[in-house]
Novice: 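Please see the structure below; I have some questions.
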Amino acid sequence: QVQLVESGGGSVQAGDSLRLACTTSGGTFWSYTMGWFRQAPGKEREFVAVINWNGGTYNTDSVKGRFTISRDSAKNTVYLQMNSLKPEDTAVYYCAASRMLTGPRVRRQSDYTNWGQGTQVTVSS
């Protein structure tokens, strides 16, 4: 079983940038699908971005052009670079992992088997 620890959240102003990191342990990192989800107060948790076990990436429409997901296999870490942040990006951001998800499953939170504790991102106007 893989363990996940998020870091890098904080409080910023609209237009600023943050880079979140998710460090993994206890699994074969390169074989995992790694996703970022977020949950705003009073709302359901939603998909943000994914980097698949084969290196492919996908971002949800609301963050395309602003967020970039990447990984450093040597450090067993996945990153979410968030630029041009907006107040509506305010949420708790969660890192999630599962084995080799494909197609629509990479955006489906119920298919992920391991989750981090979350890191708070607050964007003020």
Side-chain angles (χ1 to χ4, degrees):
Q1 186 176 6
V2 63
Q3 289 77 49
L4 310 174
V5 179
E6 301 101 331
S7 62
S11 182
V12 299
Q13 293 183 324
D16 287 351
S17 298
L18 284 172
R19 188 178 73 163
L20 307 183
C22 174
T23 300
T24 70
S25 62
T28 305
F29 178 77
W30 61 264
S31 69
Y32 279 78
T33 298
M34 302 292 299
W36 286 99
F37 295 78
R38 66 186 181 185
Q39 187 169 22
K43 297 183 178 180
E44 294 184 340
R45 188 161 53 190
E46 65 175 349
F47 169 80
V48 177
V50 63
I51 184 163
N52 215 341
W53 57 271
N54 62 1
T57 64
Y58 179 81
N59 295 348
T60 195
D61 287 345
S62 63
V63 307
K64 286 181 178 177
R66 300 189 297 121
F67 291 9
T68 302
I69 189 169
S70 62
R71 69 184 182 189
D72 185 336
S73 296
K75 297 181 179 179
N76 290 338
T77 300
V78 63
Y79 302 95
L80 185 67
Q81 178 67 46
M82 304 186 295
N83 298 327
S84 301
L85 283 163
K86 304 175 181 180
E88 52 263 44
D89 295 319
T90 295
V92 176
Y93 283 71
Y94 297 91
C95 180
S98 190
R99 289 291 306 271
M100 300 176 64
L101 299 177
T102 59
R105 297 180 67 191
V106 305
R107 302 184 295 276
R108 189 179 301 143
Q109 63 178 291
S110 62
D111 284 330
Y112 287 80
T113 57
N114 302 89
W115 293 82
Q117 83 289 348
T119 185
Q120 177 71 48
V121 172
T122 302
V123 185
S124 60
S125 60

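In this chain, residues are counted from 1 in sequence order.
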Novice: Specify the closest pair of heavy atoms between Cys22 and Met34, including all atoms of both residues, with the distance to one decimal.
Specialist: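 Of all heavy-atom pairs spanning Cys22 and Met34, the closest is SG-CE, 4.1 Å.
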Novice: Check this for me: Gln120, atom CD, are more than 12 non-hydrogen atoms of other residues, nucleotides or ligands nearer than 6.0 Å?
Specialist: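 Yes, CD of Gln120 has more than 12 neighbouring heavy atoms, counting only those of other groups under 6.0 Å.
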Novice: If Ile, Leu, Val, Met, Phe, Trp and Tyr residues are connected whenever their side-chain heavy atoms lie under 4.5 Å apart, and connections chain through other members, are Ile69 and Val2 in the same group?
Specialist: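 Cluster IDs for Ile69 and Val2 match.
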Novice: Run the side-chain contact (heavy atoms from CB on, under 4.5 Å) test on Val78 and Thr24 for me, step by step, so that the C-alpha distance in whole Å, both residues' side-chain angles and the decisive distance to 0.1 Å come before the verdict.
Specialist: CA-CA 8 Å; Val78 63; Thr24 70; 5.5 Å; no
Novice: I'd like to know if Ile51 and Val106 are part of one continuous hydrophobic network [Ile/Leu/Val/Met/Phe/Trp/Tyr, side-chain heavy atoms within less than 4.5 Å].
Specialist: no
Novice: Kindly compute the distance separating OG1 (Thr68) from CG (Asn83), expressed to the nearest 0.5 Å.
Specialist: 6.5 Å
Novice: Answer yes or no: is there an ion pair linking Asp89 with Lys86, defined by an N-O contact shorter than 4.0 Å?
Specialist: no
Novice: Checking Thr119 side chain against Glu6 main chain: does a donor-acceptor pair fall under 3.5 Å?
Specialist: no
Novice: For Thr23 versus Thr77, what's the shortest heavy-atom pair and its separation?
Specialist: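 What the structure gives for the nearest pair is OG1-OG1, 3.4 Å.
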Novice: Treating Ile, Leu, Val, Met, Phe, Trp and Tyr as nodes and any side-chain heavy-atom pair under 4.5 angstrom as an edge, say whether Leu101 and Tyr58 lie in one connected cluster.
Specialist: yes
Novice: Rounded to the nearest 0.5 Å, how far apart are OG of Ser84 and CG of Asp16?
Specialist: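 Here the interatomic distance stands at 9.5 Å.
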Novice: Locate the shortest heavy-atom distance separating Gly35 from Tyr112; write the atom from each residue and the value.
Specialist: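 It is N-CE2, 3.8 Å.
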Novice: Take Tyr32 and Ser98, measure what side-chain contact (heavy atoms from CB on, under 4.5 Å) needs, and give me the verdict at the end.
Specialist: CA-CA 6 Å; Tyr32 279 78; Ser98 190; 5.5 Å; no
Novice: Please name the pair of heavy atoms, one in Ala14 and one in Pro87, separated by the smallest distance, quoted to 0.1 Å.
Specialist: CB-CD, 4.1 Å
Novice: Can you list the steps and then say if Gln117 with Val5 is a side-chain contact (heavy atoms from CB on, under 4.5 Å)?
Specialist: CA-CA 7 Å; Gln117 83 289 348; Val5 179; 4.3 Å; yes
Novice: Is the backbone N or O of Gly56 less than 3.5 Å from a side-chain atom of Asn54, with the two atoms forming a donor-acceptor pair by type?
Specialist: yes
Novice: In the single-linkage hydrophobic clustering (I, L, V, M, F, W, Y; side-chain heavy atoms under 4.5 Å), do Val12 and Val92 co-cluster?
Specialist: no
Novice: Rounded at 0.5 Å granularity, tell me how far OG1 in Thr33 sits from CZ in Arg99.
Specialist: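 Spacing of OG1 (Thr33) from CZ (Arg99) equals 9.5 Å.
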Novice: For Tyr94, is the NZ or CZ atom of Arg38 found under 6.0 angstrom from the centre of its six-membered ring and inside 45 degrees of the ring axis?
Specialist: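 Ring-cation test returns no.
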Novice: Which pair of non-hydrogen atoms, one from Met82 and one from Leu20, has the smallest distance, and what is that distance?
Specialist: CE-CG, 3.7 Å
Novice: Indicate if Tyr79 and Val48 have the same hydrophobic cluster label, given that clusters are the connected sets of ILVMFWY residues with side-chain heavy-atom separations under 4.5 angstrom.
Specialist: no
Novice: Using 30° and 60° as the class boundaries, would you call the ring planes of Phe37 and Phe47 parallel, tilted or perpendicular?
Specialist: perpendicular
Novice: Please check if atom NZ in Lys75 has more than 12 non-hydrogen atoms from other residues, nucleotides or ligands closer than 6.0 Å.
Specialist: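 No, NZ of Lys75 has 12 or fewer neighbouring heavy atoms, counting only those of other groups under 6.0 Å.
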Novice: Tell me, yes or no, whether the heavy-atom count around Glu44 atom CD, taken from other residues, nucleotides or ligands under 6.0 Å, exceeds 12.
Specialist: no
Novice: Could you tell me the separation between the CZ atom of Phe67 and the OG atom of Ser17, rounded to the nearest 0.5 Å?
Specialist: 9.5 Å
Novice: Got Trp115 and Cys95 here, is their nearest side-chain heavy-atom distance under 4.5 Å?
Specialist: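 Result no, sub-4.5 Å side-chain heavy-atom pair not found.
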Novice: Between Leu80 and Ala49, what is the shortest heavy-atom contact and its length?
Specialist: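 That closest heavy-atom pairing would be CD1-CB, 4.1 Å.
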